[in-house]
Amino acid sequence: MAEYHELLARQGGACAVCHDKNNSETTMRRGKRGLHVDHDHKTGQVRGLLCNGCNRALGFTGDRPEVLRAAADYLERCANMVVDRQAEG
């Protein structure tokens with residue numbers, strides 16, 4: 001548990017991906033771990049602490065950075081489409 005708190009302090013009490021502190025603080029007050037210990041499934045090496053949403057997102061993509069980059073590109077393209085449609089209307 002000491003290692004968890006040390007890592008949490010290094011991350012500023014926030015998720016390593018989205019930097020949200022709410023997940024950590026709220027859950028810790030209830031006496032539970034607020035962030036998940038993320039690790040490389042091949043090596044077992046701990047990478048950081050993640051909120052539930054970010055942990056699940058990495059898991060659903062199979063920890064493949066290219067899929068996450070493609071998802072980010074998709075979201076940006078779609079956001080531009082929405083702006084373009086609003087300008088037309």
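Each residue takes its place number in the sequence, starting with 1. This one's a predicted model, so the numbers in the text were calculated from it and none came from an experiment.
Interatomic distance, SG of Cys54 versus NE2 of His19, reported as 9.0 Å (0.5 Å rounding).
Of the residues Asp63, Val37, Leu7, the one that meets the side-chain contact (heavy atoms from CB on, under 4.5 Å) test with Arg47 is Asp63.
Using a 4.5 Å heavy-atom threshold, the side chains of Asp38 and Asn55 count as touching. With a 4.5 Å cut-off on side-chain heavy atoms, Leu35 and Tyr4 count as touching.
Annotation: Glu3, atom CD; neighbour count of heavy atoms from other residues, nucleotides and ligands within 6.0 Å does not exceed 12.
Other residues sharing the hydrophobic cluster of Val17, ordered by chain and number and joined by side-chain separations under 4.5 Å: Leu50, Leu58, Leu68.
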Open item on the list: Does Leu49 form a side-chain contact (heavy atoms from CB on, under 4.5 Å) with His36? I'd like the steps, not just the answer.
Closed with: CA-CA 5 Å; Leu49 301 176; His36 299 272; over 6 Å; no

